There are 2 protein chains.
Amino acid sequence: MANKRVTLADVAAEAGVAVSTASLVLSGRGAAVRISTSSQQRVRDAAQRLGYRPNAVSVGLRKGHTSTLGFISDSVASSRLAGEMIKGAIEAARDRGFMVFVGETGGNTTLERQLLDAMFDRQVDGVILASMLTHGRDLPAELTRTPAVLLNISTDGDLTLPVVLPAEHQAGRDAAAALVEAGHRDIHLIGAGPGPDDVRTISSAARQRLAGILEVLGENGLAPASGRDINQWLPPEGYRAASALLEKGVPEALLCFNDRLAMGAYQAVQEHGLSIPGDVSVVSFDDASIAAWLHPGLTTFALPHRAMGKRAADLVVDVIEHDRRGTDQPAPGSGVHLIPMPKRDRDSVRQLDR
Amino acid sequence: MANKRVTLADVAAEAGVAVSTASLVLSGRGAAVRISTSSQQRVRDAAQRLGYRPNAVSVGLRKGHTSTLGFISDSVASSRLAGEMIKGAIEAARDRGFMVFVGETGGNTTLERQLLDAMFDRQVDGVILASMLTHGRDLPAELTRTPAVLLNISTDGDLTLPVVLPAEHQAGRDAAAALVEAGHRDIHLIGAGPGPDDVRTISSAARQRLAGILEVLGENGLAPASGRDINQWLPPEGYRAASALLEKGVPEALLCFNDRLAMGAYQAVQEHGLSIPGDVSVVSFDDASIAAWLHPGLTTFALPHRAMGKRAADLVVDVIEHDRRGTDQPAPGSGVHLIPMPKRDRDSVRQLDR
DNA sequence: AACGCTTGCTAGTTCGGTTTAGCACGAGCG
DNA sequence: CGCTCGTGCTAAACCGAACTAGCAAGCGTT
């Protein structure tokens with residue numbers, strides 16, 4: 001369609017110099033190879049005038065790198081949160097001059113390999129492998145061929161890749177602390193617990209949140225008043241768990257393992273004619289969009305998906321640039337990067353005066 | 001890092017033929033140029049043995065196209081729905097052998113131009129320009145240089161680009177019909193109306209939904225019992241609107257302009273001690289995730305984001321392949337493509353027996 | 001006049017493929 | 001015996017840039 005791109009040759013012709021001269025000038029090496037100021041100016045003017053933009057494909061072929069990243073996740077769309085992760089990654093990448101290919105596997109390993117191949121074929125400089133499920137998994141061997149970062153994937157292997165994860169353990173501590181500091185003693189867990197091994201979900205987040213919670217309760221001489229280990233963290237389950245609790249009396253505080261459980265708990269509490277936070281305090285994790293829409297606003301600890309995506313992209317680019325420099329220093333960033341889960345303080349916790 | 005890629009030259013050497021021969025064989029033109037069966041086999045074996053994969057960058061440079069699409073939206077992450085749109089596009093693209101660059105502008109036009117440039121630099125074969133806001137806008141001129149499709153963007157111009165939109169008008173008709181057919185007569189609109197011009201949102205969806213609704217009501221000799229034109233379609237607004245209604249009596253049916261408004265309406269109805277659908281029926285649009293989580297499940301007309309993304313990708317690829325063939329036939333797919341909004345039938349509508 | 005040095009610029013190779021034009025050889029034909 | 005034709009394959013140009021090696025002109029020296 002339409003007029004083809006302006007090439008370096010066009011610029012060179014317009015400026016009356018050789019292609020190599022134009023290349024040198026535009027890549028900033030003009031002074032270094034002693035191109036006269038006037039010629040340099042002519043080249044730059046010509047480029048400007050013609051609206052020259054280097055063909056990245058050609059540059060990629062010649063230089064062997066493409067300023068391109070691959071982002072592969074098992075589910076782009078399943079949650080708003082996945083979108084945030086991608087967004088963070090894309091933005092960080094752009095700030096560093098990279099574009100990103102996005103692929104989605106739906107958990108299919110064959111597809112994952114195909115996507116990786118398709119990306120390597122296109123000479124991506126690095127790869128971010130993301131999951132929405134945060135659990136251990138085997139990694140495709142190809143990942144060692146290129147800088148790579150794991151995003152929201154905890155691996156068991158002794159892998160030296162950088163790994164970006166939410167600080168679930170700390171969030172567990174913070175959530176428990178929020179209730180304890182508000183004066184609560186009668187704290188019921190919905191989603192996992194009461195024991196440290198009562199965790200049914202595959203999600204390793206559950207285990208860590210629980211550990212953090214129990215730690216803080218223990219430090220305050222407390223234990224969960226009850227716990228309900230649930231496999232599917234969805235509103236109906238939260239509803240059921242809270243309803244069961246309400247049969248036996250009014251719990252002082254509910255610590256829900258995610259916002260959907262909390263949403264169900266809200267429904268149960270409110271159907272019982274009780275008020276949040278007047279009668280029951282609720283704290284949760286994730287900061288899904290419903291957290292803000294519930295009545296009253298739900299105090300929750302946000303999964304920092306955006307920040308995680310950004311960190312992951314920054315890490316791959318760090319590694320890429322490090323490799324490019326070719327120094328002997330060890331690759332940067334390997335190891336686990338925990339991104340804090342910030343508290344979204346809303347109106348579901350009552351301050352008791354004890 | 002690690003062993004470099006296998007090139008065509010490696011394969012040719014291994015098979016004992018010239019590079020051009022290997023190329024011909026692997027691109028399937030072996031028979032056409034009379035390469036002996038035995039040579040062909042040797043080349044294929046060698047390729048197989050060495051694990052050869054063509055370097056897409058090189059191919060892109062030579063052939064001038066890259067089997068790559070650009071997807072630019074103003075907000076990847078703002079909603080789960082945007083993710084669905086991207087997912088649909090990515091999947092359809094993959095099925096056709098394309099990878100996709102994803103970019104996000106946040107509504108910033110300068111950024112949009114930069115992203116387009118970065119994508120054109122990388123020789124994308126086509127572009128999908130998407131918006132979450134569905135309203136008219138000016139388009140960057142660059143879009144005429146390459147096959148392009150507008151996704152969820154309605155343009156005023158006489159543009160010949162294909163445009164993919166949800167069938168809002170029809171959904172408005174369907175939503176009204178759902179209530180009318182259930183025997184409702186006392187239908188209150190929350191979000192826009194009651195008159196056809198009572199539409200405050202910039203979203204053109206509002207206007208079309210409203211038009212569809214009024215059409216069907218009119219055809220049944222009805223008019224909205226009331227309407228509330230709201231700018232921000234969020235739960236608190238829905239709550240307020242429904243509460244105001246409830247002050248004056250019990251409305252038979254609420255037709256909310258999106259699920260968030262419906263969520264707010266639920267809260268109000270339930271706080272008034274009334275039941276959905278026992279006392280009040282509710283119908284809505286979007287099928288956001290909360291629609292399924294609400295008690296009872298909300299009957300709503302789904303924004304078909306996934307299908308829209310898929311259609312958009314298919315359309316660009318159609319155009320690309322059409323251009324490639326270089327026939328004189330007119331470009332395919334130009335014009336508006338309306339994707340149906342399917343009904344998600346849940347439990348918020350009561351069947352009256354009149 | 002011959003030589004070396006600096007200055008200013010360019011020819012030519014390379015990246016990894018695709019594609020066209022055509023070479024070399026043997027068989028068949030008159 | 002010379003010519004044409006078919007078969008099987010390859011050399012070489014090309015895509016658009018990056019980059020190395022080095023040429024030519026001008027100037028000062030001896």
Side-chain angles (χ1 to χ4, degrees), chain A residues 3-44 46-47 50-68 120-125 324, chain B residues 3-44 46-47 50-68 120-125 324:
Chain A
N3 36 13
K4 54 236 158 266
R5 284 180 74 96
V6 175
T7 72
L8 231 207
D10 298 332
V11 174
E14 172 89 5
V17 299
V19 176
S20 40
T21 307
S23 172
L24 259 3
V25 170
L26 294 178
S27 61
R29 311 210 299 127
V33 291
R34 300 177 314 244
I35 308 291
S36 68
T37 328
S38 68
S39 290
Q40 294 211 39
Q41 201 50 53
R42 261 181 302 127
V43 170
R44 269 189 271 271
L50 300 179
Y52 170 72
R53 309 205 93 227
N55 180 326
V57 174
S58 170
V59 175
L61 179 58
R62 182 65 234 255
K63 300 227 252 186
H65 55 249
T66 51
S67 292
T68 289
F120 287 139
D121 289 351
R122 286 171 175 77
Q123 305 281 92
V124 296
D125 298 329
R324 207 110 92 203
Chain B
N3 35 12
K4 54 236 158 272
R5 283 179 75 95
V6 175
T7 72
L8 228 210
D10 298 331
V11 173
E14 172 90 4
V17 300
V19 176
S20 42
T21 307
S23 171
L24 258 3
V25 171
L26 294 178
S27 61
R29 311 212 299 128
V33 290
R34 301 178 315 247
I35 308 291
S36 67
T37 328
S38 69
S39 291
Q40 292 211 38
Q41 201 48 55
R42 263 181 298 129
V43 170
R44 269 190 272 270
L50 300 179
Y52 170 72
R53 310 205 92 230
N55 180 327
V57 174
S58 170
V59 175
L61 178 57
R62 180 65 233 254
K63 301 226 249 187
H65 55 250
T66 52
S67 292
T68 289
F120 287 139
D121 288 351
R122 287 171 176 76
Q123 305 280 91
V124 295
D125 298 329
R324 207 109 92 204

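Keep in mind the model is a prediction, meaning the values are calculated, not measured. Residue numbering restarts at 1 for every chain, and letters A, B, ... go by the order of the sequence lines.
Applying the side chain to side chain donor-acceptor pair (under 3.5 Å) test to residues at least two apart or on different chains, the pairs with a partner in residues 14-31 of chain A are Glu14(A)-Arg49(A). Sorted by first and then second residue, the side chain to side chain donor-acceptor pair (under 3.5 Å) pairs involving residues 51-63 of chain A (not counting sequence neighbours) are Arg53(A)-Asp121(B). Within the structure, no pair that satisfies the salt bridge (charged side-chain N to carboxylate O under 4.0 Å, His left out) test touches residues 30-42 of chain A, not counting sequence neighbours. Listed by first then second residue, pairs satisfying salt bridge (charged side-chain N to carboxylate O under 4.0 Å, His left out) with a partner in residues 15-28 of chain B number zero, not counting sequence neighbours.
If you measure from atom CG of Leu8(B) to atom C1' of dC15(C), you get 13 Å, rounded to the nearest angstrom. Rounding to whole angstrom units, CD of residue Gln123(A) and C1' of dG17(C) are separated by 12 Å. Across the protein-nucleic acid pair, Tyr52(B) atom OH and dG17(C) atom C1' stand 6 Å apart, rounded to whole Å. Atom CD of Gln41(A) is separated from atom P of dC9(C) by 13 Å (rounded to the nearest Å). To the nearest angstrom, C1' of dG16(C) lies 16 Å from CZ of Arg122(A). Per the geometry, CZ belonging to Arg5(B) stands 10 Å off C1' belonging to dG16(C), to the nearest Å.
Among the heavy atoms of the strands lying under 4.0 Å from Leu61(A) is at least one base atom, whether or not backbone atoms are also near.
The backbone N or O of His65(B) lies less than 3.5 Å from no partner atom in the side chain of Arg324(B), so there is not a single donor-acceptor pair. Arg122(A) contributes no side-chain N or O that, together with a main-chain N or O of Thr68(B), makes up a donor-acceptor pair within less than 3.5 Å. Not a single donor-acceptor pair under 3.5 Å links the side chain of Thr66(B) to the backbone N or O of Gly60(B).
Where DNA chain D meets chain A (any atom under 4.0 Å from a heavy atom), the bounding nucleotides read 5' to 3' are dG16(D) to dT20(D).
The side-chain hydrogen bond (donor to acceptor under 3.5 Å, both in side chains) search around Ser38(A) returns Ser36(A), not counting sequence neighbours. Considering only residues two or more places apart in sequence or on other chains, Gln40(B) meets the side-chain hydrogen bond (donor to acceptor under 3.5 Å, both in side chains) condition with Arg44(B).
Nearer the 5' end of DNA chain C, as judged by each residue's closest nucleotide, is the contact made by Ile35(A), out of Ile35(A) and Ser58(A).
The two residues Val59(A) and Pro54(A) have their closest heavy-atom pair at CG2-CB, 4.5 Å. Closest approach of Val11(B) and Ala47(B) over heavy atoms only: CG1-N, 3.8 Å.
Helix-axis bend for the helix from dA1(C)-dT30(D) to dG30(C)-dC1(D): the local axis fitted to the five terminal pairs at one end deviates from that at the other end by 90°, rounded to 10°.
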N/O contacts under 3.5 Å, protein versus nucleotides 19-21 of chain C?
none

